[in-house]
6 protein chains.
Amino acid sequence: MNERILSSGNVQIQRFFNLDTKAYDGGALSTKTKELMGLVASVVLRCDDCVTYHMVRCVEEGVTDAEFFEALNIALVVGGSITIPHLRRATERLEECRNTQHAENKP
Amino acid sequence: MNERILSSGNVQIQRFFNLDTKAYDGGALSTKTKELMGLVASVVLRCDDCVTYHMVRCVEEGVTDAEFFEALNIALVVGGSITIPHLRRATERLEECRNTQHAENKP
Amino acid sequence: MNERILSSGNVQIQRFFNLDTKAYDGGALSTKTKELMGLVASVVLRCDDCVTYHMVRCVEEGVTDAEFFEALNIALVVGGSITIPHLRRATERLEECRNTQHAENKP
Amino acid sequence: MNERILSSGNVQIQRFFNLDTKAYDGGALSTKTKELMGLVASVVLRCDDCVTYHMVRCVEEGVTDAEFFEALNIALVVGGSITIPHLRRATERLEECRNTQHAENKP
Amino acid sequence: MNERILSSGNVQIQRFFNLDTKAYDGGALSTKTKELMGLVASVVLRCDDCVTYHMVRCVEEGVTDAEFFEALNIALVVGGSITIPHLRRATERLEECRNTQHAENKP
Amino acid sequence: MNERILSSGNVQIQRFFNLDTKAYDGGALSTKTKELMGLVASVVLRCDDCVTYHMVRCVEEGVTDAEFFEALNIALVVGGSITIPHLRRATERLEECRNTQHAENKP
């Protein structure tokens, strides 16, 4: 679907998408730290698609389960019980990511 | 004012405040990373008091200006231009924190 | 799914879930009043899962249809037309709850 | 300021203000319960002016301190630590209301 | 489902629905401009059902693709990357509306 | 304060500010229509600084009082009574803008 938006011919939307991608590039802060920030921001703003995206990216950056749940706990405390359904779905996505990783690592 | 809330005799509110404090203790993730997450969450949820609190804590944890602005850029991209007034005030607070640091470091 | 989150080993998340449950225990205010507050908060924050949860709990606490729609009207006025899709789904859930009640009460 | 808005000649805004006022009239639920709902909704949506308004109305409806803090605790658990600055200011307003009540009750 | 809500017998909810409908009637501003405002408000508040509704109404009012994407770009800049999943679904809806229009216009 | 943020050396923040400015340039939609959209988005997201900014820009683009209040009514219906304090302050700003205009137009 991003392709359809980008093919709209609206140059400013394309530039925004570009800025969005670049925001998570490593710099003074590592990509891993930035993706964790993106995850926490997505949980407190309660966007499942965004949570899934950053969850997958965090797994790719080597975030451990202990790190995930400390990050999710901050989002829970800041954002309150209204974030719990998103935490549930985030945990479900994490389990799927881990299962995929295990399957790939099998000889 | 926290004291007045805590003196209300409501034990559950006290427990929440306790959980809130502990969420930023170092564990699998460092306190510095957690305070940066708290900062990003506060900007996207647009709470000036919370931004100021985490800004001061980040300065105490040794966050550099380059790190701050990369964190604030993520908040800006995720949360949009509606966060700009909060970014302005965060930058103002940062400048005050840096001035205080410089004054303290003078011989 | 709550079980998976709780089995993460993150003690603070467990404590938060505990505080969340206790917040609706009867005290100076009745459980019924508190669940109605939880319903209104869930509608204005626009979380369908939370609305469904408190809707079911309110039905268990004996909330009548007239009470429901007065509570939903407050949420609608405070939160605006953006809450209407959630009101629709809340009404659908209510109807399902009432149908279940009727089926159970049949001789 | 409401007068200036109402003197704008926009009939629909006037009708909205009218609906807003009527939403808290006693019906199947009492005005006291409705004002407490308005308070919780205002805290989770983080509007200080709205919190102050419903706080004053709750005091007029005879809400006790224990009832207030149970209601504020629900708002805190649902809405998270981002609501704490508003809880602080709500507590400050409550203290002012109570001081006014004590002054009025002195012989 | 609106019918079920309206059949609840709650007169105030009915009046709110009435005000909601009338807000988009042409006056000093045209219906087209008002529906575009409703679209932008729905995107920044991130409500898919509301986005779909105003998208369909905008198509009926003759909004062109270039106009749509300029409106969506404002919503994206104001509301940030958290609105992107809603932009994606809005673009999908737009494509469906255009396909329907083309099918209807075929001889 | 924008200057301080822009002097941070963070190029991406500068690019975002640039996109933000360009979003309101006239194109398929006029600047006037776009500023009205910015106003409505700012009211429903409840940001006073943003409301003031777009209010001033709308006045510069020749928006009439009748147009303003129709736009504010849409924001009120979509966003609910929680937006009323922002409507009040918007009305206050409008009055100031009009007084300034009258003073400038006096011979």
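Labels below follow one simple rule: chain letters A, B, ... track the order of the sequence lines, proteins then strands, and each chain is numbered from 1.
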For this session: Using atom types as modelled and distance alone, determine if a side-chain donor or acceptor of D:Arg4 lies under 3.5 Å from a backbone N or O of F:Glu95.
Result: no

Exercise. Which value, rounded to the nearest 0.5 Å, describes the distance between D:Phe16 atom CZ and F:Leu87 atom CG?
Worked result: 9.5 Å

Problem set entry | Contacts of residues 48-86 of chain D with chain F (heavy atom under 4.5 Å) |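 Residues of residues 48-86 of chain D touching chain F at under 4.5 Å: D:Asp49, D:Cys50.
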
Review item, side-chain donor-acceptor pairs of residues 23-30 of chain F, under 3.5 Å, at least two apart:
residue, atom, partner, partner atom, Å
F:Ser30, OG, F:Thr33, N, 3.1
F:Ser30, OG, F:Thr33, OG1, 3.1

